[in-house]
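Following this message is one structure expressed as structure tokens.
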Amino acid sequence: MSEQEYLKTKLSKALESKGFACSGEFEITLERPKNPEHGDFATNVAMLLASKLKRSPREIAAELLDELDLDSKIVSKAEIAGAGFINFHLENQYLGESLTTILKELDKFGCSDWGARKKVQIEFVSANPTGPLNVVNARAATVGDVLVNLFNAVGFDAKREYYVNDAGRQIRLLGKSLSARYMELIGREEPFPEEGYHGDYIRQLAKDIHTEHGEKFGSVEQNQRWQEFSELALEKILAEQQQTLSDFRVNFDIWFRESDLRTKNVHLKVLETLSENGHVYEKDGAKWFKSSEFGDEKDRVLVTSEGEPTYFLVDISYHVDKYQRGFEKLFDLWGPDHHGYIPRMKAALVALDYPDGSFEVNIIQQVNLLEKGEVVKMSKRAGKIIEMKELIDEVGVDVARFFFVARRSQSPLDFDIDLAKNTSEENPVFYVQYAHARICNIIKHAEERAFKMPDHANLNLLEQEEELALIKKLLEFPDIVSKAAKFLEPHRIPNYLQDLAATFHRFYHHHRVVTEDKALTEARLILIKCTKIVLANAFKLLGISAPERM
RNA sequence: GCGCCCGUAGCUCAGCUGGAUAGAGCAACGGACUUCUAAUCCGUAGGUCGUGGGUUCAAAUCCCUCCGGGCGUACCA
């Protein structure tokens with residue numbers, strides 16, 4: 001049992017036996033006070049009860065305190081403070097011994113099981129296969145990947161999925177664009193499609209195909225050529241995207257193809273179900289979904305007057321398919337340009353009787369690249385776009401991942417390229433990685449002095465302020481992981497890492513690990529080993545490396 | 001017009017879902033290498049938490065007004 005659970009149990013028992021509140025009536029909150037003088041944990045229950053019981057909070061706190069019956073081996077001091085807080089101070093000896101939990105759990109330290117193996121899925125990036133991935137895709141890739149790591153760490157069975165929009169109008173346009181470029185290459189005119197894809201990568205693709213296949217497509221009938229070029233372009237661009245993502249250490253469990261839904265007519269079945277339930281009507285030759293009855297601001301078209309299923313309809317069927325594959329909870333990460341799309345998708349899934357709240361969307365906000373303090377203006381027309389691949393080649397995977405996940409994903413991110421490339425003290429990534437490298441070096445140094453890493457030591461010797469601060473910081477880790485997962489806020493991990501690294505560096509500068517004092521050396525070796533474990537576990541969640549030396 | 005996101009130190013951002021004196025990093029200034037790596041540490045300075053109201057023992061946090069910035073608002077995907 002963690003010290004938090006211990007305190008909560010004791011508190012709720014005391015509340016009941018005093019008749020202040022029944023168990024489950026409200027949640028007992030324990031917080032970690034900012035000010036160390038306020039102890040390691042504090043609770044405000046007495047203040048919350050004051051108005052209900054019509055008594056002074058401090059009076060209530062005093063009675064609770066009498067009733068608590070705390071183990072003095074765990075809690076050294078419990079006192080009333082301020083307006084009616086109860087502050088708990090943990091016993092140093094207990095703190096030291098709790099390090100053994102970390103030694104025992106190793107790479108499992110920080111994990112929990114509240115997910116109960118529930119199947120969840122995160123769909124992210126899902127960029128159109130009509131061009132290279134951009135920097136927002138890179139941000140989404142990082143956030144999604146880390147979220148899955150977090151979910152799995154807290155006991156869910158979480159999967160990464162990428163939706164490939166390999167059907168519909170855009171793919172036809174892609175084929176036509178490529179065809180026009182190809183024909184141009186072999187000296188034959190073919191008008192470039194309106195709203196076609198102008199990027200240089202299309203020209204490059206045309207060249208590749210020309211080198212590979214020569215002029216053979218020149219004689220193919222136009223519709224046939226468009227079709228073949230659509231497929232060729234799609235597969236090549238998709239392969240490129242997959243390569244970029246895997247170089248970025250993001251590995252999807254499933255690449256789901258929209259065309260699979262279409263060939264199996266899954267979307268038509270969904271249309272049928274919605275119709276049967278009376279959620280569909282016809283107007284102006286189109287079929288509409290009554291999404292406004294489920295919280296959307298207006299109704300939406302499912303099938304156009306020309307008989308084309310809309311992207312929306314197919315997307316609904318995609319989400320239905322996810323449920324049918326056994327996922328109980330669906331998370332989508334979408335770009336900022338799609339947030340208006342959320343209400344209608346939620347509406348559709350509720351209309352189909354999937355539990356409200358089982359589908360959630362997080363918007364990944366835009367990325368502003370900064371160079372020399374200036375925003376790098378990007379424009380598709382001018383062909384000035386920084387691709388995901390370029391950015392990563394430039395700054396490195398570790399740095400890019402850390403930067404992308406270090407901010408709340410619903411806020412726009414300023415990505416300072418100069419800072420990211422900076423391999424000095426200003427770069428927070430090196431700051432945290434350096435802590436790990438430094439520990440490895442100390443351990444190596446200890447071994448050279450014939451100190452083997454001990455299995456156990458007298459951890460009561462760890463009583464210096466910086467040692468205790470470090471231990472407490474380490475013990476916070478499971479809580480940080482849980483909350484990062486619970487609130488879908490992966491940025492808590494980088495924040496914590498910087499905090500932990502700072503606490504460690506401070507300890508390092510105040511105390512030597514390897515000294516003549518054998519017992520103390522052993523205790524401190526265990527302390528830094530635990531620090532190393534927690535750092536490595538956090539790095540693993542973020543998908544960045546834990547360097548042994550720098 | 002309507003909807004969503006954002007507004008906290010010069011800059012980039014945290015702030016534990018309502019708690020105690022609002023915190024980091026960078027930039028600035030002053031110190032610390034004969035030591036287990038100075039990619040580090042110690043210290044100084046820096047704030048009307050956009051504005052005005054409300055809710056209460058308590059508001060950066062919750063509700064409303066307004067101001068400013070970004071994005072969206074298709075029988076497109």
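Chain letters run A, B, ... following the sequence lines, proteins first, then strands; residues in each count from 1. When reading the values below, keep in mind they use all heavy atoms of this one structure, side chains included, and skip hydrogens, waters and symmetry mates. These numbers were taken from a predicted model, which means no experiment stands behind them.
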* **Nearest-nucleotide 5' precedence on RNA chain B, A:H510 against A:M550** =>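 Mapping each residue to its closest nucleotide by heavy atoms, the 5'-most match is A:M550.
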* P atoms of B:rU61 and B:rA9, separation to the nearest Å -> 15 Å
* **B:rU48 to B:rC41 separation - P atoms, rounded to the nearest Å** => 29 Å
* Asked: Is the ring of A:H491 stacked on the base of B:rA14, with centres less than 5.5 Å apart and planes under 30° off?
  -> no
* Does a side-chain N-to-carboxylate-O contact under 4.0 Å join A:R32 and A:D479? ->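 Salt bridge present between A:R32 and A:D479.
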* Asked: Is it true that A:E522 and A:K518 make a salt bridge, defined as a side-chain N closer than 4.0 Å to a carboxylate O?
  ->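 A salt bridge links A:E522 with A:K518.
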* Asked: So what does A:R506 hit on the nucleic acid, given a heavy-atom distance under 4.0 Å: a base, only sugar-phosphate, or nothing?
  ->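 Result for A:R506 = sugar-phosphate.
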* Asked: Syn versus anti for B:rU35, judged by chi lying within 90° of 0?
  -> anti
* **Ring centers of A:F85, A:H38 separated by less than 6.0 Å** =>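 Between A:H38 and A:F85, which both carry aromatic rings, the centre distance is not below 6.0 Å.
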* To do: Figure out the CD1/C1' separation between A:I480 and B:rG15, and round it to whole Å.
  =>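 These atoms are roughly 12 Å apart.
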* **Pair pattern of RNA chain B in dot-bracket, where unpaired bases get dots and | marks partners in another strand, Watson-Crick or G-U under 3.5 angstrom** => (((((((..((((.....[...)))).(((((.......))))).....(.(((..]....))).))))))))....
* To do: Grab the two heavy atoms, one from A:H319 and one from A:L330, that are nearest each other, plus how far apart they are.
  => O-CD1, 3.9 Å
* Counting only side-chain N and O atoms of A:R438, is one of them less than 4.0 Å from OP1 or OP2 of B:rA38? -> yes
* Using the C1' atom as the reference point in each nucleotide, state the distance between B:rU12 and B:rU56 in Å, no decimals. =>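 Straight-line distance between the two C1' atoms is 35 Å.
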* To do: Rounded to the nearest 0.5 Å, what's the gap from CD on A:Q170 to OG on A:S177? Could you check?
  =>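 So the CD of A:Q170 and the OG of A:S177 are separated by 11.5 Å.
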* To do: Grab the CG-P distance between A:L413 and B:rU12 for me, whole Å please.
  =>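 Result: 12 Å.
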* Asked: Rounding to a whole Å, what distance do you find between A:L370:CG and B:rC11:C1'?
  -> 10 Å
* C1' spacing across the pair B:rG3 / B:rG46, given as an integer number of angstrom ->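 Looking at atom C1' only, B:rG3 and B:rG46 are 38 Å apart.
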* Asked: Would you say the ring centroid of A:F88 lies under 6.0 angstrom from that of A:F41?
  ->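 Centroid separation for A:F88 and A:F41: 6.0 Å or greater.
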* Asked: Could you give the CD1-to-P distance, from A:I417 to B:rU12, as a whole number of Å?
  ->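 Spelled out: CD1 on A:I417 to P on B:rU12 is 16 Å.
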* To do: Quick one: label A:H436 by what it contacts on the DNA or RNA (base, sugar-phosphate, nothing), any heavy atom closer than 4.0 Å.
  =>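 Result for A:H436 = nothing.
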* Letter per nucleotide, 5' to 3', of nucleotides 68-77 of chain B [B base touched, S only sugar-phosphate touched, - untouched; heavy atoms, 4.0 Å] -> --SBSSSBSB
* Taking the six-membered ring for Trp and the single ring otherwise, decide whether the centroids of A:F415 and A:F404 are under 6.0 Å apart. => yes
* Starting at atom CZ of A:R449, determine the distance to atom C1' of B:rU35, rounded to an integer number of angstrom. =>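 Rounding to the nearest Å, CZ of A:R449 and C1' of B:rU35 are 10 Å apart.
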* **d(CH2, A:W334; P, B:rG3) in whole Å** => 20 Å
* Asked: Closest nucleotide of RNA chain B for A:V514 versus for A:E37: which of these residues is on the 5' side?
  -> A:E37
* To do: Would you indicate which nucleotide in B:rC6, B:rC41, B:rU17 comes nearest to any side-chain atom of A:Q410?
  =>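 The answer is B:rC6.
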* To do: Identify whether any heavy atom of A:A42 sits under 4.0 Å from a base atom; if not, whether one sits that close to sugar-phosphate; answer base, sugar-phosphate or nothing.
  =>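 If one applies the 4.0 Å heavy-atom cut-off, A:A42 turns out to touch a base.
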* Structure fact -> A:K473 NZ to B:rC16 P, in whole Å, measures 14 Å
* To do: Using a cut-off of strictly less than 4.0 Å, decide whether A:R549 has a side-chain nitrogen or oxygen near OP1 or OP2 of B:rA39.
  => no
* Asked: So, is B:rC66 syn or anti if syn means the angle is within 90° of 0?
  -> anti
* Asked: Which whole number of Å gives the distance between the P atom of B:rC75 and that of B:rA59?
  -> 48 Å
* More than 12 heavy atoms from other groups under 6.0 Å of CD on A:E448 -> yes
* Asked: How would you label the contact of A:A435 with the nucleic acid (heavy atoms, under 4.0 Å): base, sugar-phosphate, or nothing?
  -> nothing
* To do: Please evaluate the base of B:rA20 for a donor-acceptor partner in the side chain of A:N87 within a cut-off of under 3.5 Å?
  =>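 Side chain to base: pair found, below 3.5 Å.
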* Asked: Just by modelled atom types, is the A:I171 backbone N or O under 3.5 Å from a matching donor or acceptor in the A:S230 side chain?
  -> yes
* To do: Just compare B:rA20, B:rC6, B:rA39 and give me whichever is closest to any side-chain atom of A:K34.
  => B:rA20
* **Minimum-distance nucleotide to A:K483 side chain [options: B:rC36, B:rU17, B:rG19]** =>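 Output: B:rU17.
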* To do: Please tell me if the side chains of A:R492 and A:F487 come closer than 4.5 Å, counting only heavy atoms from C-beta onward.
  => yes
* Asked: When rounded to the nearest Å, what value does the distance between C1' atoms of B:rU65 and B:rG54 take?
  -> 11 Å
* Asked: Taking the same atom, P, in B:rG47 and in B:rG69, what whole-Å distance lies between them?
  ->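 These two P atoms come out 25 Å apart once rounded.
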* A:N495 side-chain proximity, nearest of B:rA20, B:rA14, B:rC42 -> B:rA14
* To do: Verify the stacking flag for A:Y431 against B:rA39: centroid separation must be under 5.5 angstrom and the ring planes must differ by under 30 degrees.
  =>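 Whether judged by distance or by angle, A:Y431 falls short somewhere, so it does not stack on the base of B:rA39.
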* To do: Report which part of the nucleic acid A:H38 touches: base, sugar-phosphate, or nothing (heavy-atom distance under 4.0 Å, all strands).
  => base
* Asked: Taking the C1' atom of each, how far is B:rC49 from B:rG15, in whole Å?
  -> 11 Å
* Can a salt bridge be assigned to the pair A:E297 and A:R344 using a cut-off of 4.0 Å between side-chain N and carboxylate O? -> no
* To do: Report the distance from atom CZ of A:F507 to atom C1' of B:rU40, rounded to the nearest whole Å.
  => 14 Å
* Determine, for A:K322 against A:E161, whether the closest basic-nitrogen to carboxylate-oxygen distance falls under 4.0 angstrom. =>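 Salt bridge flag = no for A:E161 with A:K322.
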